[in-house]
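Working notes, beginning with the structure itself.
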There are 2 protein chains.
Amino acid sequence: MDYTIKEIAERADVSIATVSRALNNDKRVKASTKALVVSIAREFNYRPNILARNFVRRKSNIIGLIMPDIVDEFFTEVIKGVESVAHSGGYFTLVASTHSREGSLLETLAAFTHRRMVDGLILLTTNLSPAIKKGLSESGIPVVVIGENPELKETDVIAIDNYQGAYSLVSHLINKKGYTKIAHIAGPPENSDAVQRKQGYLQAHQDHGLTVNPHWIVDGAFTIPSGEAAFRRLMSLIQKPEAIFAANDMMAIGCYEGADSFGLSIPEDVAVAGFDDIFVSRFLSPRLMTVGVPIAEVGKTAATLLLDRMNSESHIASRLVTISTGMVLGQSS
Amino acid sequence: MDYTIKEIAERADVSIATVSRALNNDKRVKASTKALVVSIAREFNYRPNILARNFVRRKSNIIGLIMPDIVDEFFTEVIKGVESVAHSGGYFTLVASTHSREGSLLETLAAFTHRRMVDGLILLTTNLSPAIKKGLSESGIPVVVIGENPELKETDVIAIDNYQGAYSLVSHLINKKGYTKIAHIAGPPENSDAVQRKQGYLQAHQDHGLTVNPHWIVDGAFTIPSGEAAFRRLMSLIQKPEAIFAANDMMAIGCYEGADSFGLSIPEDVAVAGFDDIFVSRFLSPRLMTVGVPIAEVGKTAATLLLDRMNSESHIASRLVTISTGMVLGQSS
DNA sequence: ACAATAAATGTAAACGTTTACATTTTAGGA
DNA sequence: TCCTAAAATGTAAACGTTTACATTTATTGT
């Protein structure tokens with residue numbers, strides 16, 4: 001049998017309003033009454049009906065986390081960071097993957113935000129469309145976006161400093177390592193991380209007075225096979241690059257595999273660098289040179305900003321937190 | 001303005017009951033009425049109040065996923081598998097980590113199960129206590145456990161064949177590789193995966209007429225540093241083992257690091273094998289010999305069984321699905 | 001002792017659905 | 001046409017809380 005406040009009220013000989021107040025620590029209820037109610041509640045092993053409470057309070061105590069996909073460490077770490085902060089703030093975390101489909105994202109967005117199925121939302125995306133921006137701004141709940149900046153009022157953004165990371169790394173390849181022929185395996189063009197990394201690569205060249213051979217920029221899909229394919233393409237050119245900057249570590253791994261099958265050695269025949277500093281990268285031989293992103297920070301920061309926004313009475317203007325990246329040296333260049 | 005069925009009813013000049021039925025595809029409502037209601041709902045951009053619906057239906061359309069921690073690929077893959085199946089079944093996934101604390105698990109369990117905050121539960125654990133078993137059996141909602149078998153009525157279990165995997169791998173080391181002095185770095189004794197892997201190790205020795213030197217079995221914590229520490233300990237023995245079977249890949253990686261600092265080479269000086277076949281293991285040099293677990297299967301199977309149980313009217317007896325493991329050859333032995 | 005005020009409690013509505021049951025409308029058969 | 005059964009719709013309660021407002025009870029200062 002599941003007890004309700006009604007039964008407790010009966011037993012304590014008070015009204016349900018008093019029971020409700022006693023159990024919610026309303027200061028208006030007399031200490032002795034409260035003690036009585038609480039003891040009966042305990043005796044009955046009473047638990048409030050969450051669904052009823054959510055309904056009347058118009059909140060669910062749940063924060064939604066929407067990601068394009070759940071793969072690799074990046075997403076895990078974000079989930080972990082969000083969950084831990086949410087948990088200590090008394091919230092649960094509803095995780096949804098849109099399986100990289102925009103339609104699915106819009107659908108999930110609608111399901112989550114309409115009528116407060118979730119009280120707040122963290123959206124991880126690098127590919128914002130106008131429809132999504134509209135959905136976000138109309139959602140009526142606090143939102144934090146990780147990745148691309150939607151430039152919306154009252155929406156916080158966690159941005160990863162892709163540009164700076166790429167710029168530093170490429171500059172290092174030019175200055176310290178003396179490479180002048182550096183290729184780039186870019187990520188998907190609709191992915192803002194990829195775009196920024198590419199810009200860092202381009203700007204570093206320009207600032208050092210180098211021009212890039214357009215054939216040295218090839219697109220990839222952030223996956224190992226696409227990295228390997230890009231490597232093969234680059235190594236088939238008449239004008240071969242001396243070094244390759246892959247827009248993420250997975251594609252850099254693809255280069256390692258490509259080099260292996262070509263019988264080329266890294267970095268003697270061709271240097272390789274990546275981005276992300278995923279767990280594997282330190283176990284590659286030679287250790288991959290890459291750019292590290294403090295991913296755990298990202299999730300935690302996002303959740304912290306979100307809780308702050310949810311708990312605040314007043315409106316808070318948009319905040320932008322840039323998570324800086326750091327170069328990780330390796331022997332692959 | 002958020003419209004409710006009341007406004008739709010008014011506009012369509014029908015009762016709210018008819019609106020509700022029309023929107024829920026009740027066959028009793030006339031086609032023309034339904035069309036009218038649906039068109040008004042669309043015009044109003046109506047969305048049902050999920051919280052109200054959950055309340056009256058006494059279900060939330062959410063399944064809970066409780067894990068001891070959110071780290072490494074195993075958990076990611078499980079979340080991914082669960083989420084994808086849940087999503088296609090019309091459910092959302094609430095993820096909670098208990099941060100490896102039993103108290104927290106009990107608390108989360110209570111929060112999730114009491115009064116249907118979640119409609120079904122997947123619990124990932126290798127360390128079941130009586131209190132937790134009690135909590136599960138009293139939960140009143142469908143439950144699927146991944147890991148240890150709680151032996152409860154109407155609770156499905158997804159078990160990973162740790163014993164067989166360890167047995168096969170150790171047998172292979174003995175038969176094919178000819179090792180007779182094989183050490184074992186065990187996992188935490190309260191972890192059932194660890195216990196089973198150790199048993200496979202022991203039984204393989206017994207079945208091949210070998211006795212194990214008790215000094216060759218040391219405990220670890222499933223982490224890289226604990227693997228390295230164990231490696232140092234084993235290599236400081238007078239009677240050194242020829243091969244080391246670590247209960248998971250992370251500890252095997254610790255062995256690689258230990259070997260590196262001792263100036264020992266794998267497998268010439270000492271062979272190393274692991275368990276799990278995590279992503280990194282194929283990038284270690286030499287490639288780690290290990291036991292692969294089809295993790296994606298685990299999450300998907302769990303969610304599938306759970307949905308099946310939730311959608312079934314009749315009671316279903318406990319089901320046990322054993323996910324078989326497979327040996328992965330590598331040059332580390 | 002008596003207002004006046006503060007503290008404690010009670011009453012009842014409200015939240016937006018779903019649904020059992022009652023009623024009305026429609027269709028079909030004689 | 002009328003009767004009956006089936007189809008469609010309506011009425012109203014129910015779900016378990018919270019909370020605005022009303023009422024009662026206790027406390028304080030004079």
Side-chain angles (χ1 to χ4, degrees), chain A residues 1-38 40-41 44-62 90 110-111 113-119 140, chain B residues 1-38 40-41 44-62 90 111 113-119 140 313:
Chain A
M1 166 67 183
D2 278 348
Y3 290 93
T4 68
I5 53 170
K6 204 174 150 199
E7 276 101 32
I8 298 180
E10 228 160 78
R11 170 77 159 268
D13 201 27
V14 294
S15 72
I16 58 167
T18 300
V19 173
S20 175
R21 284 190 276 252
L23 295 174
N24 286 290
N25 298 315
D26 192 307
K27 347 82 192 138
R28 284 176 298 180
V29 41
K30 198 174 17 168
S32 61
T33 321
K34 178 174 167 181
L36 175 64
V37 168
V38 167
I40 294 173
F44 283 4
N45 192 26
Y46 168 80
R47 293 275 177 151
N49 180 325
I50 307 283
L51 266 25
R53 170 180 286 178
N54 287 348
F55 170 46
V56 65
R57 286 190 177 167
R58 288 180 178 63
K59 70 188 298 268
S60 60
N61 253 279
I62 293 176
T113 61
H114 209 92
R115 307 296 182 99
R116 295 205 156 265
M117 175 166 179
V118 301
D119 297 335
Chain B
M1 166 67 184
D2 278 348
Y3 289 94
T4 68
I5 52 169
K6 202 173 150 201
E7 277 102 31
I8 297 180
E10 228 160 78
R11 169 75 158 269
D13 200 27
V14 294
S15 71
I16 56 166
T18 300
V19 174
S20 175
R21 285 190 275 252
L23 296 175
N24 287 289
N25 297 314
D26 191 307
K27 346 83 194 137
R28 284 177 298 180
V29 41
K30 199 170 24 167
S32 61
T33 321
K34 179 174 165 181
L36 174 64
V37 168
V38 168
I40 295 174
F44 283 3
N45 192 25
Y46 167 80
R47 292 277 176 150
N49 180 326
I50 306 284
L51 266 25
R53 170 180 286 177
N54 288 347
F55 170 46
V56 63
R57 286 190 178 168
R58 290 178 176 64
K59 70 187 299 268
S60 59
N61 254 278
I62 293 176
T113 62
H114 209 93
R115 308 294 182 102
R116 295 205 156 263
M117 174 166 179
V118 301
D119 297 336
E313 295 305 312

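By convention in this document, chain letters (A, B, ...) are assigned in the order of the sequence lines, proteins followed by strands, and residues within each chain are numbered from 1.
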Nearest whole angstrom, please: distance from the C1' of dG16(D) to the CG of Leu51(A).
10 Å

Whichever of Lys30(B) and Lys6(B) has its nearest DNA chain C nucleotide further upstream toward 5'
Lys6(B)

So what does Lys27(B) hit on the nucleic acid, given a heavy-atom distance under 4.0 Å: a base, only sugar-phosphate, or nothing?
sugar-phosphate

Rounding to an integer number of Å, can you tell me how far Lys34(B) NZ sits from dT9(D) P?
12 Å

Donor-acceptor pair, distance only, cut-off 3.5 Å: does the side chain of Asn24(A) make one with the backbone of Asp26(A)?
no

Rounded to the nearest angstrom, tell me the gap between atom CZ in Arg28(A) and atom P in dT18(D).
12 Å

Do any side-chain nitrogens or oxygens of Thr33(B) fall under 4.0 Å of OP1 or OP2 in dT9(D)?
yes

Closest to the side chain of Thr4(A), out of dT17(C), dG16(D), dT9(D), is dG16(D)

Expected output: side-chain Ser60(A) to main-chain Met117(A) donor-acceptor under 3.5 Å:
yes

Which comes earlier along DNA chain D counting from the 5' end, the contact point of Val14(B) or that of Val56(B), where each point is its nearest nucleotide?
Val14(B)

Under 4.5 Å between any side-chain heavy atoms of Ile40(B) and Tyr46(B), yes or no?
no

Within a strict 4.5 Å, meaning less than it, do heavy atoms of the Ile62(B) and Ile62(A) side chains meet?
yes

dC15(D), OP1 or OP2 - any side-chain N/O from Arg57(B) closer than 4.0 Å?
no

Give Lys59(A) one of three labels, base, sugar-phosphate or nothing, depending on what nucleic acid heavy atoms sit under 4.0 Å from its own.
nothing

Out of Asn49(B), Val37(B), Thr18(B), Leu23(B), which residue meets the side-chain contact (heavy atoms from CB on, under 4.5 Å) rule with Ile5(B)?
Leu23(B)

Separation of dT18(D) P from Ile8(A) CD1 (nearest whole Å)
11 Å

Is there side-chain contact between Thr4(A) and Glu7(A), with heavy atoms separated by less than 4.5 Å?
yes

Side chain proximity check, Asn25(B) to Lys34(B), heavy atoms < 4.5 angstrom
yes

I'd like to check, for Phe55(B), whether its ring lies over the base of dT17(C) with centroids under 5.5 Å apart and a plane angle smaller than 30°.
no

Round to a whole Å and report the spacing from CG of Asp13(A) to C1' of dT9(C).
12 Å

Kindly say if Tyr3(A) contacts the phosphate of dT17(D), meaning a side-chain N or O under 4.0 Å from OP1 or OP2.
no

Please examine the side chains of Arg21(A) and Val14(A), heavy atoms only from C-beta on, and report whether any two atoms are closer than 4.5 Å.
no

For DNA chain C, what residues of residues 16-26 of chain B have any heavy atom nearer than 4.0 Å?
Ile16(B), Ala17(B), Ser20(B), Arg21(B), Asn24(B)

May I have the distance from Ile5(A) (atom CD1) to dG10(C) (atom P), rounded to whole angstrom?
12 Å

Tyr46(B) side chain near dG16(C) phosphate (N/O to OP1/OP2, under 4.0 Å)
no

In whole angstroms, the gap separating C1' of dG16(C) from CG of Asn54(A) amounts to 14 Å

d(CZ, Arg58(A); C1', dT17(C)) in whole Å:
13 Å

